[in-house]
Amino acid sequence: MTDDTPAAATPTDSPMRTLLVGAQMLFVAFGALVLVPLLTGLDPNVALFTAGVGTLVFHAVTGASVPVFLASSFAFIAPIQSSVKSFGIPATLGGILAAGLVYVLISQFVRLKGTAWLHRLLPPVVVGPVIMVIGLALAPVAVDMATGGTSDDIGYGQAITLSMASLLVTMVLAVFGRGLIRLVPIMGGIVTGYILSMIMGVVDFAPVRDAAWLALPSFTAPSFHWAAILFMIPVAIAPAVEHIGDMVAIGSVTRRHYLEKPGLHRTLLGDGLATCSAALFGGPPNTTYSEVTGAVTLTRAFNPRIMLVTAVIAILLSFLGKLGAVLQTIPAPVMGGIMTLLFGSIAVVGMNTLVRAGSELTASRNLVVVSLILVFGIGGMQFGEGQFTLQGVSLAALVGILLNAVLPREAED
């Protein structure tokens with residue numbers, strides 16, 4: 001699998017081509033990148049800034065050897081929404097910082113002990129249903145947004161028209177698109193919904209008129225609240241495990257074995273520090289983007305320096321005040337329509353994790369683990385009260401880990 005041919009031998013080394021391909025990579029990631037802050041109440045300009053900074057941090061840790069771009073993580077959407085509602089944005093950022101430190105801790109265990117312990121602690125029978133909970137826990141919120149429940153000035157008829165049009169275009173591009181078009185379905189859905197919103201006259205452009213062309217992003221410092229930290233830490237489990245798959249995927253494209261060089265411990269460390277840096281500025285957690293991996297596959301742009309250009313462009317765009325203002329005028333039903341597909345697709349990733357593992361789900365042990373993760377996570381079960389309440393994805397992840405550890409494995413037979 002390893003190919004020692006230097007990446008610098010590719011034609012992407014000319015400065016102009018590197019700049020153009022780097023800008024293209026950001027275009028591919030842009031829709032998903034800004035979707036997370038728009039759905040969670042964070043600032044999209046800050047998300048652009050922290051995506052760029054996080055990518056630079058990752059490449060500094062890994063020696064600029066992996067052609068990946070890091071940006072807003074979908075896995076944290078539902079937990080961030082719940083945490084912001086319960087604890088506020090600064091405390092949520094403190095929880096995100098703690099989740100990034102979990103990545104750092106896992107990276108050091110991987111460096112010292114390898115990955116076998118990680119697979120024992122977090123087998124597919126735990127990770128799969130936890131990812132499903134991440135996708136489905138706030139499905140009612142997506143439907144509420146799509147039907148106009150969160151919009152005071154948009155009625156049901158207009159809301160359902162906007163949401164379904166956005167959803168339809170996203171689906172069509174995802175299924176029937178070819179080449180780079182297939183990599184930007186979210187962008188296509190948002191643009192379509194936004195244009196339709198303008199035709200309907202439901203977009204308020206006052207914030208755009210009032211915004212400066214150049215402005216410092218609205219950075220927010222984290223605060224530390226034990227309940228928010230305990231709520232957010234377990235959420236890092238699923239993305240940390242998915243990170244291994246991301247490294248294998250990009251390695252299969254470039255014919256490099258990134259789990260060995262620079263090593264999984266370094267890529268996990270880079271991901272963790274990127275998430276920590278995002279939280280320090282007020283941005284969402286960072287993760288490697290599969291859309292960008294797809295673009296790398298199509299363009300054969302294997303040179304990691306291209307991603308450094310992408311990161312710098314993202315940082316520069318974050319200082320365009322009117323860009324952030326435009327993004328924040330997107331009506332909620334447009335985002336809701338896309339969320340219905342997005343949350344469902346995350347759940348499908350969890351289902352696929354279980355299916356690929358080939359576990360017998362009707363075996364008593366697996367049945368207990370999967371069932372309780374799903375019902376506790378989606379049904380609203382909670383333990384404790386006040387500042388130390390465990391619920392949602394956090395509770396589901398902890399229950400899955402504990403059950404997997406204590407239930408006898410012979411029961412699988």
Side-chain angles (χ1 to χ4, degrees), residues 19-56 69-74 77 80 89 93 162 166 169-170 173 180 183-199 202-220 274 277-286 289 291-292 295 306-339 342:
L19 178 63
L20 291 175
V21 176
Q24 179 177 261
M25 294 298 176
L26 182 60
F27 173 77
V28 168
F30 189 84
L33 193 168
V34 300
L35 180 66
V36 176
L38 290 174
L39 294 179
T40 56
L42 302 179
D43 188 277
N45 283 52
V46 174
L48 273 167
F49 181 86
T50 55
V53 170
T55 299
L56 294 179
F69 178 76
L70 279 70
S72 314
S73 171
F74 284 176
I77 292 176
I80 291 176
I89 289 179
L93 295 172
L162 290 174
S166 304
V169 171
T170 303
L173 292 181
L180 288 175
L183 300 175
V184 291
I186 293 174
M187 174 79 82
I190 292 176
V191 170
T192 300
Y194 195 66
I195 293 174
L196 189 56
S197 301
M198 289 190 292
I199 294 173
V202 296
V203 179
D204 179 12
F205 287 106
V208 181
R209 289 192 297 269
D210 296 338
W213 279 103
L214 294 177
L216 195 68
S218 300
F219 297 126
T220 303
S277 64
L280 289 174
F281 288 100
N286 282 315
Y289 260 28
E291 294 95 331
V292 174
I306 291 171
M307 301 305 171
L308 303 182
V309 173
T310 305
V312 171
I313 294 174
I315 292 172
L316 293 176
L317 286 179
S318 72
F319 290 92
L320 294 180
K322 287 194 182 293
L323 174 61
V326 168
L327 293 173
Q328 291 177 336
T329 62
I330 300 173
V334 174
M335 311 307 291
I338 295 170
M339 282 173 65
L342 172 64

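For the residue pair Gly22 and Thr310, the shortest heavy atom distance occurs at O-OG1, 2.8 Å.
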Considering only distance and modelled atom types, tabulate donor-acceptor pairs under 3.5 Å from the side chains of residues 191-198, sequence neighbours left out.
unit_1: Thr192; atom_1: OG1; unit_2: Gly188; atom_2: O; d: 2.9
unit_1: Tyr194; atom_1: OH; unit_2: Thr329; atom_2: OG1; d: 2.7
unit_1: Ser197; atom_1: OG; unit_2: Gly193; atom_2: O; d: 2.7

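When side chains are defined from C-beta on, Ser73 does not count as touching Val36, because their heavy atoms never get closer than 4.5 Å.
No side-chain donor-acceptor contact under 3.5 Å links Asp43 to the backbone of Pro217. Remark: side-chain polar atoms of Thr55 are paired, donor with acceptor, to backbone N or O of Leu70 under 3.5 angstrom. Remark: the backbone N or O of Trp213 is not paired with any side-chain donor or acceptor of Lys322 at under 3.5 angstrom. Side chain of Asn45 to backbone of Leu320: a donor-acceptor contact under 3.5 angstrom is found.
With rounding to the nearest 0.5 Å, the separation of CG in Leu39 from CD1 in Ile80 is 10.0 Å. The structure places CE of Met25 at 11.5 Å from CG of Leu20, a figure rounded to the nearest 0.5 Å.
Heavy atoms from other residues, nucleotides or ligands lying under 6.0 Å from CZ of Phe319 number more than 12.
Ser166 meets the side-chain contact (heavy atoms from CB on, under 4.5 Å) test with Val334, Ile338; sequence neighbours excluded. Applying the side-chain contact (heavy atoms from CB on, under 4.5 Å) test to Phe30 and every residue at least two apart in sequence or in another chain returns Val34, Leu48, Met187, Leu323, Leu327.
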